[in-house]
K.L.:
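Quick one: the structure is below, and I'll ask about it shortly.
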Amino acid sequence: MKKRVLALFLGMVMTSATVLSGCGASDDDWDDDDFDWEDDWDDWDEDDEEDDNQGGSNSGTPDVQTRTDASVRMSVENTGNLNIVRNNGKMSQNVPMGEDGTWTIFVYLCGSDLESENGMGSMDMEEMQSASTTQDVKFVVQTGGAYSWENDVDANKTERYVICDGDIELVDQKSDANMSDSATLADFVSWGVANYPAGNMGLVFWNHGGGSVSGVCFDERKDGDSLSLREIDAALLGVSDKMTEKFEFIGFDACLMATLETANVVATYANYMYASEETEPGYGWDYTAIGNYLGSNSYADGADLGITVAKSFYDCCKQIDEESGATFSITDLSKIDTLLVAFNNFSQGLHEVANTDTGLNEIVRNCRNVDNFGGNNKAEGYTNMIDLGGFVNACAGQAAGASTVTDALKDAMVYVVNGSDHSGASGLSMYYPIMIQGSQELSAFREISTSPYYLGIVDLVAYGAANAGDISNYSEADYDDWGDYSYTEDEDGNYAYSDDDDDYYDYYSDVEQSGNSSLITFAQKPALDEDGSYVFVLDDNGLNNAVSVQCFVYQLSSDGEDLISLGVTTDCLQVDWSTGEVYDLFDGYWFSLPDGQNLCAYIVDEQEDYGIYTSPVRINGKDTNLRFTVNYSTGDITIDGAWDGVDSNGMAARDVYKLQNGDVIVPVYDAISASGDSDEEFVYLGYEYTYSKGDVISYGIMEDADYAYGYYIDDTYGDYYTTEYVWFNVEDGEVYFYVED
């Protein structure tokens, strides 16, 4: 494989802010010729870069007026050390903005469908009004982003309210503004700190979240546009010169925002971060509990308040029986730079491993069972967010420094609360390419990546996906402006992130899974053995490229025309990763509704004691997903409810809705032609089933029919190999495998 060490140089902006360096590899570990940024910069040829990377030069900063002392500059020295320079303007003065014992919590309440369909924003404003805050504690709320409101908020305006000790007052009203625009956020916060300063101030982003890449605050009036992390950074950068101390906390009453990338951005502006790794079940934060606590403890700091926020959030989840999927963490942002240095050092070692013959395969395989958040399956969509601690632990045997990362991560966690579905969640997640969804996603991640070495691993996965696993011509980009970004400044001193149309990742724009990965090869091809088991053995090449195996099942339609997908499972196969041998344990059991209809099931999460599955369905005419949990010890199956998944904008649905008596459920399946004339999928609908309270999903013998059975074998780069399927018949509870004539 062609390997070239990353050329990483950033102009360091020396300010009074903290500079943090990490301990990387020694100079002896590096080839100075490969790592000479000056030679690479002078000799860099745009045409060569495009040839090497299939259509992408990595251009420098755009030709616009920029602020050179941006919020955080990150660079890597020749030794691999990570330097972090944070500049938070006048916030670094640490001069209180108000009297001790006073609090203002600014709530950027982008209502979206959470309000227009369910009135959740109105309910939270009522919770704020119900709190006994005293005059020393105020909620200052900006509303917008929803087609309609259940309270008196004017949906066609951007309005601002002050809520204090039982009173609510409309104090400002503007024309409708885009809540997903950084200028709108900057205007609100600037106005808020000027008019309602306090000894302690917090900022809450209220809405849907989508994780590090998709961001937060999806405005349904603006086609679901959202605030990216860079847009949040730009907005707060403009505010930093109008505040003499940091926010005591920045919080996300939204899904999936407790991420390493988010923490890196907000660490410049706040002392603590409050957020959830997973989707937020129920109605989000309990603002009455928050207000009551501060009303009696107005001298509390962000750590103390954060514990109250986390506990009351979890208690609300318990009240509606949704605590099993809940996560929440309070992060001490003063510890984040230490964590970033440790993660970069660990990633440096992983990057070297990834560039060996089997190293990347081992990394990807080890990460397959890391706890992930927000679905990440065919039915529900992908957020590509996995647990940071889980990732480091999974790869701990491949690179030095894992314990340093986990120690730094634990040290940064003030408080973590998790439900049983995520009992081991560390408190912060991170972007990981479970299923890359286009070049735009990669470009967005490049702008927020906290380590060029980790970015290089992601780039290698993407390049391999674009080239059918052939990475022999791969040459890593000169990430000359990694960690560097530019903001344009308007006449009012506000900043906007300037996206310079990065085209480096254009090579990934047309990548699709083939289902016929050439990387999966066999010593023994898949076939039925004499015992009726479907067996195959991977050869050395296949074993070095395969990362997981799942079995799939199709049901033959009653007219024999269609093969109806019943999804995938790992429950009915045995994999020996030391020999490459795989054989089935299939017994003809599957998930079904009480009326006997088999469900199409996909795996959400699988642990030793339980598995979470999802099934595409229509409930009362609306497309959604039915989630259920299987207790492997008892065999009990619990219906968790319906979750809408992740939409095309990357917005994760917030609630898992409980089923109600009379809900009409129609199973939804992907299907293909049984004749083999076409492999195009189409939607196949089951029959209506009316739910009654207490109904359960069963795991039992399939209904009498003919079925096809085979394997999906995933490769390192996100493609997979589909084996030929074998047939089996279920009749009177007996399963018979056979070879079709």
Side-chain angles (χ1 to χ4, degrees), residues 361 365 368-369 378 515-557 560 563-592 598-603 606-608 611 613 630 632-633 635 669 672 674 676 679 698-715 719-741:
N361 173 265
R365 188 185 297 171
R368 296 297 285 191
N369 294 320
K378 181 179 180 181
N516 189 33
S517 171
S518 60
L519 302 179
I520 306 302
T521 50
F522 303 93
Q524 177 184 325
K525 291 187 175 181
L528 285 174
D529 66 11
E530 58 185 13
D531 297 324
S533 293
Y534 194 28
V535 179
F536 67 82
V537 181
L538 295 166
D539 61 16
D540 288 344
N541 176 74
L543 193 55
N544 290 336
N545 283 289
V547 294
S548 70
V549 183
Q550 296 178 321
C551 64
F552 66 82
V553 177
Y554 284 95
Q555 181 175 347
L556 187 66
S557 62
L563 284 174
I564 305 165
S565 174
L566 299 184
V568 299
T569 184
T570 60
D571 190 44
C572 52
L573 55 86
Q574 180 71 42
V575 182
D576 187 337
W577 287 112
S578 64
T579 64
E581 183 178 14
V582 178
Y583 59 92
D584 81 83
L585 304 171
F586 190 66
D587 54 8
Y589 277 59
W590 207 258
F591 300 108
S592 63
N598 294 321
L599 290 169
C600 178
Y602 295 96
I603 301 167
E606 207 163 27
Q607 300 297 326
E608 183 177 351
Y613 290 79
V630 182
Y632 291 148
S633 300
Y669 313 88
I672 57 175
D679 58 0
S698 62
Y699 185 70
I701 196 70
M702 294 172 156
E703 62 180 339
D704 289 0
D706 288 304
Y707 299 86
Y709 176 92
Y711 298 112
Y712 294 136
I713 309 169
D714 295 320
D715 72 21
D719 202 357
Y720 62 97
Y721 180 90
T722 309
T723 68
E724 293 185 1
Y725 47 76
V726 295
W727 290 91
F728 68 92
N729 173 263
V730 176
E731 184 175 351
D732 297 329
E734 297 293 330
V735 180
Y736 305 94
F737 278 85
Y738 62 92
V739 178
E740 189 180 41
D741 294 332

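Start at 1 with the first residue, then count along the sequence.
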K.L.:
Taking all non-hydrogen atoms of both residues into account, name the closest pair between L543 and G580 and its distance.
P.N.:
CD1-CA, 3.8 Å

K.L.:
Shortest non-hydrogen contact from T723 to Y534?
P.N.:
OG1-OH, 3.5 Å

K.L.:
If we only count heavy atoms from C-beta on, is the Y720 to I713 side-chain gap below 4.5 Å?
P.N.:
no

K.L.:
According to salt bridge (Lys or Arg N to Asp or Glu O under 4.0 Å), who are the partners of D714, at least two apart in sequence or on a separate chain?
P.N.:
R368

K.L.:
Would you call V568 and K378 a side-chain contact if the rule is heavy atoms closer than 4.5 Å?
P.N.:
no

K.L.:
Assess the side chains of Q555 and E703: does a donor N or O sit below 3.5 Å from an acceptor N or O?
P.N.:
yes

K.L.:
Return yes if a side-chain donor-acceptor contact under 3.5 Å exists between Y632 and E606, otherwise no.
P.N.:
yes

K.L.:
Walk me through whether L573 and V549 qualify under side-chain contact (heavy atoms from CB on, under 4.5 Å).
P.N.:
CA-CA 9 Å; L573 55 86; V549 183; 4.1 Å; yes

K.L.:
Just checking, is any N or O donor in the side chain of D706 or Y736 under 3.5 Å from an acceptor N or O on the other one?
P.N.:
no

K.L.:
Do any N or O atoms from the side chain of S565 and from the backbone of Y669 form a donor-acceptor pair under 3.5 angstrom?
P.N.:
no

K.L.:
side-chain hydrogen bond (donor to acceptor under 3.5 Å, both in side chains) with Y721: which residues, sequence neighbours excluded?
P.N.:
none

K.L.:
Under the side-chain hydrogen bond (donor to acceptor under 3.5 Å, both in side chains) rule, collect the residues that match up with N369, sequence neighbours excluded.
P.N.:
none

K.L.:
Give a yes or no on whether the ring-centroid distance for Y711 and F536 is below 6.0 angstrom.
P.N.:
yes

K.L.:
Against Y709, only a single residue in Y725, F586, Y554, W727 fulfils ring pair (Phe, Tyr, Trp, His ring centres under 6.0 Å); can you say which?
P.N.:
F586

K.L.:
Can you measure from CG (L538) to OG1 (T579) and round to the nearest 0.5 angstrom?
P.N.:
9.0 Å

K.L.:
Under a plain distance cut-off of 3.5 Å, with no hydrogens placed, do S592 and N598 share a side-chain donor-acceptor pair?
P.N.:
no

K.L.:
Given 3.5 Å as the limit, does a donor-acceptor pair link the side chain of D715 with the main chain of N545, or not?
P.N.:
no

K.L.:
Do you know the tightest heavy-atom contact between D732 and D704?
P.N.:
N-OD1, 3.1 Å

K.L.:
Go through the structure and list residues passing side-chain hydrogen bond (donor to acceptor under 3.5 Å, both in side chains) with S557, not counting sequence neighbours.
P.N.:
D559

K.L.:
Show, in sequence, the C-alpha distance, side-chain angles and deciding distance for N729 and Y707, and conclude whether the side-chain contact (heavy atoms from CB on, under 4.5 Å) test is met.
P.N.:
CA-CA 6 Å; N729 173 263; Y707 299 86; over 6 Å; no

K.L.:
Can I get a per-line list of side-chain donor-acceptor pairs under 3.5 Å for residues 522-531, giving both atom names and the distance, sequence neighbours left out?
P.N.:
| from | atom 1 | to | atom 2 | distance (Å) |
| --- | --- | --- | --- | --- |
| D529 | OD1 | D531 | N | 2.9 |
| D529 | OD1 | G532 | N | 3.1 |
| D529 | OD1 | S533 | N | 2.8 |

K.L.:
Any side-chain to backbone donor/acceptor pair from S698 onto G700? Under 3.5 Å, distance only.
P.N.:
no

K.L.:
In chain order, what residues pass the side-chain hydrogen bond (donor to acceptor under 3.5 Å, both in side chains) check against Q607, with sequence neighbours excluded?
P.N.:
D605

K.L.:
Run the side-chain contact (heavy atoms from CB on, under 4.5 Å) check on L599 and L566 step by step: do they pass?
P.N.:
CA-CA 6 Å; L599 290 169; L566 299 184; over 6 Å; no

K.L.:
Check A546 against N361 and note the closest heavy-atom contact, atom names and distance.
P.N.:
O-ND2, 3.2 Å

K.L.:
Mind listing the closest non-hydrogen atom pair of A601 and Y613 along with its distance?
P.N.:
CB-CD2, 4.2 Å

K.L.:
So, does D719 use its side chain to make a donor-acceptor pair with the main chain of N516 at under 3.5 Å?
P.N.:
no

